[in-house]
Amino acid sequence: IKMKKLLFLTTVLFYTFSYSQDLNWDKSKGFEVTFDIDNVYTSDGVNWEMSISGQAGPYGMGFGTITFKNFSSNQTQGEYSGYFWTQVEESTFRGTTSGMWKKDGKIYKTVAYDNDVVGGIINLATGDWNLVERKASFKVAPLK
């Protein structure tokens with residue numbers, strides 16, 4: 001089992017370093033977002049779900065549900081995923097998000113890819129989650 005884990009880690013690191021230089025996002029179309037964290041709950045005491053809402057830049061008013069999952073025994077880092085729905089006038093957008101989180105003091109730092117299912121755009125989003133102040137803020141830019 002240890003050999004499988006080592007092989008998996010080596011493969012992930014190889015692909016991360018091999019293709020990370022190929023990522024190119026369009027900062028000229030970037031925007032910042034601040035969401036309210038409306039609700040936080042858990043059904044198993046390990047994974048946490050959050051409801052968020054707020055203005056999502058060019059995507060208008062946004063609503064989402066995010067699940068934070070732990071993969072370290074000390075609960076300092078993990079992965080997250082979620083779903084979004086937004087609306088600008090009569091146009092609606094649906095999307096997904098998937099990324100990683102790491103606790104830094106009282107802030108949870110995140111890096112994720114957001115998939116605009118309707119518009120076919122993939123955004124890179126970096127964020128800070130402050131559960132005490134009930135705010136999540138992001139810098140978002142589309143990949144070219």
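Nothing fancy with the numbering, it's 1 onward along the sequence.
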Yes or no on side chain to side chain contact (heavy atoms under 4.5 Å, CB included) for Tyr80 and Thr67, after CA distance, side-chain angles and deciding distance?
CA-CA 5 Å; Tyr80 79 92; Thr67 302; over 6 Å; no
For side chain to side chain contact (heavy atoms under 4.5 Å, CB included), just list the numbers for Gln55 and Met61, CA-CA rounded to whole Å, side-chain angles, deciding distance to a tenth of an Å, and then say yes or no.
CA-CA 4 Å; Gln55 290 297 319; Met61 185 63 190; 3.4 Å; yes
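Using a 4.5 Å cut-off on side-chain heavy atoms (C-beta onward), Trp85 and Thr92 make contact. At least one side-chain heavy atom of Ile66 sits less than 4.5 Å from a side-chain heavy atom of Trp129. Inter-residue side-chain proximity for Trp48 and Val40 is flagged as met; some heavy-atom pair is nearer than 4.5 Å. Side-chain contact between Asn70 and Trp101: present, with at least one pair of heavy atoms (C-beta onward) separated by less than 4.5 Å. Put simply, the side chain of Phe84 does not reach to within 4.5 Å of the side chain of Asp116, judged on heavy atoms.
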Can I get a per-line list of side-chain donor-acceptor pairs under 3.5 Å for residues 31-38, giving both atom names and the distance, sequence neighbours left out?
residue: Asp36; atom: OD1; partner: Lys135; partner atom: NZ; Å: 2.3
residue: Asp38; atom: OD1; partner: Ser53; partner atom: OG; Å: 3.4
residue: Asp38; atom: OD2; partner: Ser53; partner atom: N; Å: 3.4
residue: Asp38; atom: OD2; partner: Ser53; partner atom: OG; Å: 2.7

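Glu49 CD to Phe68 CZ: the interatomic distance, rounded to the nearest 0.5 Å, is 11.5 Å. Distance OG/Ser98 to OH/Tyr83: 9.5 Å, rounded to 0.5 Å. Here Leu143 contributes atom CG and Lys29 contributes atom NZ; the two are 12.0 Å apart, rounded to the nearest 0.5 Å. Taking OH of Tyr59 as the reference point, atom CD of Gln87 lies at 15.0 Å (rounded to 0.5 Å). Here the CG-OG1 distance, from Asn47 to Thr42, works out to 6.5 Å after rounding to the nearest 0.5 Å. A distance of 5.5 Å separates CG in Asn115 from CD1 in Ile122, rounded to the nearest 0.5 Å.
Counting all heavy atoms, side chain and backbone alike, Lys106 lies closest to Asn130 at CE-ND2, 3.8 Å.
Asp128 pairs by the salt bridge (Lys or Arg N to Asp or Glu O under 4.0 Å) definition with Lys109, not counting sequence neighbours.
Each of Thr110, Asp114, Asn123 was scored for a side-chain contact (heavy atoms from CB on, under 4.5 Å) with Phe138, with one residue passing: Thr110.
Between the side chain of Thr126 and the backbone N or O of Val111 there is no donor-acceptor pair closer than 3.5 Å.
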